[in-house]
Amino acid sequence: AQRYHRQTDGILGNPAAVELLENSTQKLREFNLLFECLGRQCKGRVDGGTGWTIFDIKTTRDAHPPSQFPRSAANWSYRIQGAFYLHAAKLAGWRHHSPRFIVTSTVHPFHCSVMYLPESVLRHGHELCEQLLKQLSLRQTLNWWTPADYGTAVEMPARFFGVSDGGKPW
């Protein structure tokens, strides 16, 4: 319980986070966005919204979110989530903007940062989102759900073990 109190203190100590939370209305706290994209019915759940932006609250084990969270955001494909939610928000009447992430650390000193994705990353996320939706449609049409290498032995890349791929056999 103490950790949650420290995280809350971190959020309330960040003026940018407080501005988002204070300007979100009761009806716009954690809400669903139902929309169509490429002919598919889609749904997303956003943690909050103001008159100018939507936002999501994220937790991280990174002690200093601005220096470490971007790598986590890249690994978790938040560029796709951000673009997906932005597309839905624009259809719901918001102007084009970069959705905000309130990022709260779960470790001491419990820093909180409000972060957003660059426009170029959102564009790339939108392209990836469209590719994924097209792939989903194709897989549904073909009833094909296994990867191309399914049922074969797949070699693990040496780089994951700190070894170059061009080494001699031992």
Side-chain angles (χ1 to χ4, degrees), residues 3-107 110-142 144-145:
R3 182 186 79 176
Y4 298 117
H5 291 292
R6 299 286 310 271
Q7 283 181 266
T8 301
D9 291 343
I11 292 169
L12 296 177
N14 182 308
V18 170
E19 179 184 20
L20 289 171
L21 295 170
E22 284 182 348
N23 285 290
S24 61
T25 62
Q26 183 63 30
K27 67 179 182 174
L28 292 182
R29 286 201 179 125
E30 194 178 67
F31 58 95
N32 292 322
L33 294 167
L34 305 172
F35 61 101
E36 187 175 304
C37 186
L38 295 176
R40 301 192 66 79
Q41 293 300 312
C42 299
K43 175 183 173 183
R45 181 176 299 225
V46 179
D47 288 332
T50 68
W52 65 90
T53 190
I54 56 173
F55 62 87
D56 232 23
I57 299 173
K58 302 292 186 187
T59 59
T60 181
R61 286 180 273 175
D62 303 326
H64 187 250
S67 64
Q68 299 164 337
F69 183 73
R71 183 180 317 280
S72 297
N75 289 339
W76 288 100
S77 297
Y78 287 168
R79 65 187 175 275
I80 295 172
Q81 178 190 353
F84 187 70
Y85 286 175
L86 174 59
H87 178 76
K90 287 168 50 177
L91 291 173
W94 271 274
R95 282 189 245 147
H96 184 84
H97 65 280
S98 187
R100 299 305 195 241
F101 295 100
I102 298 174
V103 185
T104 176
S105 178
T106 60
V107 298
F110 303 96
H111 284 296
C112 171
S113 297
V114 175
M115 305 178 80
Y116 61 92
L117 299 167
E119 182 65 30
S120 60
V121 173
L122 283 172
R123 272 194 309 274
H124 184 247
H126 183 75
E127 292 167 6
L128 290 172
C129 191
E130 284 187 343
Q131 289 173 10
L132 290 169
L133 287 171
K134 287 176 184 175
Q135 185 181 70
L136 176 61
S137 292
L138 177 63
R139 287 178 180 270
Q140 284 180 321
T141 300
L142 299 175
W144 176 52
W145 302 104

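- Heavy-atom minimum distance, V18 versus L12: CG2-O, 3.3 Å.
- Here the CD1 atom belonging to I57 is positioned 5.5 Å from the CG atom belonging to L21, to the nearest 0.5 angstrom.
- Taking H64 as the reference, H111 meet the ring-ring contact (aromatic ring centres under 6.0 Å, His included) condition, with sequence neighbours excluded.
- If you take CZ on R45 and CG on N32, they are separated by 4.5 Å, rounding to the nearest 0.5 Å.
- In this structure, the separation between CZ on F69 and CE on M115 is 7.0 Å, given to the nearest 0.5 Å.
- Taking each heavy atom of C112 and G10 in turn, the nearest pair found is CB-O, 3.4 Å.
- The environment of Y116 atom OH is sparse: at most 12 non-hydrogen atoms of other residues, nucleotides or ligands sit within 6.0 angstrom.
- Side-chain atoms of R123 and R79, non-hydrogen and from C-beta on, never get closer than 4.5 Å to each other.
- By the 4.5 Å heavy-atom criterion applied to side chains, L86 and H97 are counted as neighbours.
- Listed for the W94 side chain is a donor-acceptor partner under 3.5 Å among the backbone atoms of T50.
- Atom CH2 of W76 is surrounded by 12 or fewer heavy atoms from other residues, nucleotides or ligands within 6.0 Å.
- For A83 against L122, the heavy-atom pair with the smallest separation is CB-O, 3.5 Å.
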- Should F55 and Y85 be marked as a ring-ring contact (aromatic ring centres under 6.0 Å, His included) after you check the CA-CA gap, both sets of side-chain angles, and the distance that decides it? CA-CA 9 Å; F55 62 87; Y85 286 175; over 10 Å; no
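- Q68 is not listed as a side-chain neighbour of T60, based on a closest heavy-atom distance of 4.5 Å or more.
- Taking the ring axis of Y78 as reference, the NZ or CZ atom of K58 stays within 45° of it and closer than 6.0 Å to the ring centre.
- In this structure, R6 fails the cation-pi test against F110, since its NZ or CZ atom is not both closer than 6.0 Å to the six-membered ring centre and inside 45 degrees of the ring normal.
- Smallest separation of non-hydrogen atoms from A89 and L33: N-CD1, 4.3 Å.
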- T106 and R3: side-chain hydrogen bond (donor to acceptor under 3.5 Å, both in side chains), yes or no, with the steps? CA-CA 7 Å; T106 60; R3 182 186 79 176; 4.7 Å; no
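- Every side chain to side chain donor-acceptor pair (under 3.5 Å) that E130 has, sequence neighbours left out, goes to H126.
- The main-chain N or O of I80 is never found under 3.5 Å from a side-chain atom of S77 such that the two would form a donor-acceptor pair.
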